[in-house]
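A short worksheet on the structure shown next.
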Amino acid sequence: MKHIYFSIFCLFCLFGNSQEMPIPFASDITSKFPNVRDIAISPNGNEMMFTAQSVMGNLSVIISVTKENNIWNKPQVASFSGMHFDLEPFFSHDGLKLYFVSTRPLNQNETQPKDFDIWYVERANLRAPWSTPKNLGSPINTEHGEFYPSIANNGNFYFTRDDTTKNRKDDIYVSKLLNGTYQEPEALPETINTESYEYNAFIAPDESYLLFGGYNRKDGLGSGDIYISRLTKNGWEQAENLGPNINSDKMDYCPFVKDHILYFTSKRDHTKVDHKQPLNLETLMKEFHKANNGSSRLFKIKTVTFAE
């Protein structure tokens with residue numbers, strides 16, 4: 001019982017007023033697409049990228065949006081995307097490199113998609129165009145699927161891997177950067193990884209905490225929830241569910257933190273099905289197209305202790 005009260009206290013510290021709930025983010029932009037997921041915001045806050053997908057999720061591209069005079073411009077398909085199955089962007093901490101996930105073939109002359117790998121594009125300055133995509137290569141990419149890059153300030157590279165040779169589902173790995181070279185990735189401990197699915201890990205810039213998605217856990221509130229684990233001198237603490245203030249009874253995933261705001265993707269559904277009078281076409285369409293209608297959408301909530 002003492003542990004339960006402590007956990008509730010910690011979650012209150014993370015998100016402040018327990019009455020504050022997640023709200024839709026950039027719905028005027030994201031509502032143009034059937035489904036959106038996994039946002040990344042540039043270090044200077046003037047660019048964001050997210051994934052737009054078809055209804056069934058079999059078409060996936062990265063969308064780029066820039067900001068001028070504190071107003072977001074019209075969304076555009078990112079210059080390096082639109083031809084292959086792309087998703088899950090992440091900016092480097094200087095904004096000059098962008099990592100993402102793709103099934104594009106290694107050779108441009110090939111047409112057969114590869115397994116999911118982590119790729120990146122570069123630019124000379126913040127106003128320069130992005131380069132041609134480059135495969136990140138080993139030791140991070142393998143013959144298995146690699147997903148959701150996230151990099152700490154010290155260069156340590158966190159990602160998800162689907163290693164089909166192990167009797168497990170997706171796990172979260174880290175490849176440490178030593179003397180400018182990435183080391184062989186290691187799976188995070190059982191305080192984070194389980195025999196089920198762990199995925200979509202966001203590492204704090206100072207590596208003080210890790211947010212990630214967990215699927216169908218015993219303490220889960222929906223099909224997938226967002227969890228937190230903190231790094232102490234004794235290693236990664238036992239992961240805890242972020243609770244009902246964040247997680248819904250549907251899929252909640254793809255966490256990203258910037259400027260003390262937690263952004264994440266959710267399929268929460270607040271569609272109103274009981275009405276006192278018949279709907280006309282206008283009210284029907286409004287209900288169909290509301291932000292929390294069960295489609296994959298972006299949400300945000302202000303945090304207290306998450307830090308850049």
Side-chain angles (χ1 to χ4, degrees), residues 25-26 29-30 32-33 36-53 60-110 114 116-141 146-160 175 177 179-182 200-206 254-259 261 263 298 308:
F25 173 69
I29 296 175
T30 61
K32 301 177 186 298
F33 308 98
V36 297
R37 67 191 299 276
D38 53 71
I39 186 173
I41 299 176
S42 64
N44 65 9
N46 290 332
E47 297 175 84
M48 70 171 170
M49 295 201 185
F50 58 85
T51 302
Q53 295 185 329
S60 184
V61 303
I62 293 176
I63 300 297
S64 173
V65 191
T66 58
K67 181 188 289 185
E68 293 183 33
N69 300 321
N70 209 34
I71 298 176
W72 291 110
N73 293 320
K74 292 183 179 180
Q76 305 287 337
V77 175
S79 61
F80 54 86
S81 190
M83 185 173 182
H84 304 283
F85 193 102
D86 301 328
L87 69 166
E88 300 176 350
F90 183 85
F91 283 95
S92 64
H93 297 293
D94 60 6
L96 299 181
K97 184 178 288 188
L98 183 103
Y99 299 87
F100 66 100
V101 175
S102 181
T103 60
R104 62 186 61 208
L106 292 175
N107 190 324
Q108 292 185 354
N109 295 325
E110 297 178 2
K114 192 183 181 299
F116 287 97
D117 271 354
I118 297 174
W119 293 68
Y120 67 94
V121 288
E122 300 175 288
R123 57 187 176 184
N125 58 67
L126 297 181
R127 294 186 177 276
W130 291 109
S131 68
T132 300
K134 303 173 185 177
N135 189 284
L136 188 59
S138 62
I140 294 175
N141 287 332
E146 282 80 31
F147 306 87
Y148 214 79
S150 184
I151 307 172
N153 281 341
N154 61 11
N156 288 350
F157 200 108
Y158 290 75
F159 64 99
T160 302
S175 175
L177 184 66
N179 299 320
T181 302
Y182 279 113
N200 299 159
F202 172 85
I203 186 63
D206 62 358
C254 295
F256 176 82
V257 178
K258 182 170 176 56
D259 297 333
I261 295 176
Y263 301 86
L298 299 177
E308 288 287 294

**OP:** Go through the steps to decide whether Phe91 and Met49 satisfy the test side-chain contact (heavy atoms from CB on, under 4.5 Å), and finish with yes or no.
**Re:** CA-CA 9 Å; Phe91 283 95; Met49 295 201 185; 4.2 Å; yes
Original post:
Can you name the closest pair of heavy atoms from Ala152 and Ala204 and give their distance?
Top reply: CB-O, 4.0 Å
**OP:** Mind listing the closest non-hydrogen atom pair of Lys258 and Pro43 along with its distance?
**Re:**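 Closest pair (atom of Lys258, atom of Pro43, distance): NZ-O, 2.9 Å.
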**OP:** Assess whether side chain to side chain donor-acceptor pair (under 3.5 Å) is satisfied between Asn141 and Asn135, documenting all intermediate values.
**Re:** CA-CA 8 Å; Asn141 287 332; Asn135 189 284; 2.9 Å; yes
Original post:
Passes side-chain contact (heavy atoms from CB on, under 4.5 Å), Trp119 versus Phe80? Steps please.
Top reply: CA-CA 11 Å; Trp119 293 68; Phe80 54 86; over 6 Å; no
Side chains of [X] and [Y] in contact at under 4.5 Å (non-hydrogen atoms):
{"X": "Met48", "Y": "Ser42", "value": "no"}
{"X": "Asp38", "Y": "Tyr148", "value": "yes"}
{"X": "Phe157", "Y": "Leu177", "value": "no"}
{"X": "Tyr263", "Y": "Phe25", "value": "yes"}
{"X": "Tyr158", "Y": "Pro149", "value": "no"}
{"X": "Thr103", "Y": "Lys114", "value": "no"}
{"X": "Ser92", "Y": "Ile151", "value": "no"}
{"X": "Arg37", "Y": "Leu87", "value": "yes"}

I'd like to know if the side chain of [X] reaches the main chain of [Y], judged simply by a donor and an acceptor atom lying under 3.5 Å from each other, with no hydrogens or angles considered.
{"X": "Ser60", "Y": "Gln53", "result": "no"}
{"X": "Thr30", "Y": "Ala26", "result": "yes"}
{"X": "Asn154", "Y": "Asn156", "result": "yes"}
{"X": "Thr160", "Y": "Asn200", "result": "yes"}
{"X": "Ser150", "Y": "Ile203", "result": "yes"}
{"X": "Ser102", "Y": "Arg104", "result": "yes"}

Original post:
Can Phe202 and Phe256 be said to form a ring-ring contact (aromatic ring centres under 6.0 Å, His included), step by step?
Top reply: CA-CA 6 Å; Phe202 172 85; Phe256 176 82; 5.6 Å; yes
**OP:** Supply the atom-to-atom distance Asp259 CG to Ile41 CD1, rounded to the nearest 0.5 angstrom.
**Re:** 8.0 Å
Original post:
Got a second to check how far Ser175's OG is from Glu146's CD, nearest 0.5 Å?
Top reply: 11.0 Å
**OP:** Anything under 30° is parallel, anything over 60° is perpendicular, the rest tilted; go ahead and classify Phe85 against Phe116.
**Re:**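 Aromatic pair Phe85/Phe116 classed perpendicular.
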**OP:** Could you check Leu98 against Tyr120 for side-chain contact (heavy atoms from CB on, under 4.5 Å), going step by step and ending with a plain yes or no?
**Re:** CA-CA 5 Å; Leu98 183 103; Tyr120 67 94; over 6 Å; no
Using distance only, find each side-chain donor-acceptor pair of residues 63-72 under 3.5 Å and give its atom names and separation, not counting sequence neighbours.
{"unit_1": "Thr66", "atom_1": "OG1", "unit_2": "Asn73", "atom_2": "ND2", "d": "2.9"}
{"unit_1": "Glu68", "atom_1": "OE2", "unit_2": "Asn73", "atom_2": "ND2", "d": "3.4"}

**OP:** State which residues pass ring pair (Phe, Tyr, Trp, His ring centres under 6.0 Å) with Phe50; sequence neighbours excluded, sorted by chain then number.
**Re:** Phe33
Report, one line per pair, each donor and acceptor closer than 3.5 Å where one atom sits in a side chain of residues 121-128; sequence neighbours left out.
{"unit_1": "Glu122", "atom_1": "OE1", "unit_2": "Lys134", "atom_2": "NZ", "d": "2.9"}
{"unit_1": "Arg123", "atom_1": "NE", "unit_2": "Gly95", "atom_2": "O", "d": "3.0"}
{"unit_1": "Arg123", "atom_1": "NH1", "unit_2": "Glu47", "atom_2": "OE1", "d": "3.1"}
{"unit_1": "Arg123", "atom_1": "NH1", "unit_2": "Glu47", "atom_2": "OE2", "d": "3.3"}
{"unit_1": "Arg123", "atom_1": "NH2", "unit_2": "Glu47", "atom_2": "OE2", "d": "2.6"}
{"unit_1": "Arg123", "atom_1": "NH2", "unit_2": "Gly95", "atom_2": "O", "d": "2.8"}
{"unit_1": "Asn125", "atom_1": "OD1", "unit_2": "Arg127", "atom_2": "N", "d": "2.9"}
{"unit_1": "Asn125", "atom_1": "OD1", "unit_2": "Ala128", "atom_2": "N", "d": "2.9"}

Original post:
Tyr99 and Leu136: side-chain contact (heavy atoms from CB on, under 4.5 Å), yes or no, with the steps?
Top reply: CA-CA 9 Å; Tyr99 299 87; Leu136 188 59; 4.2 Å; yes
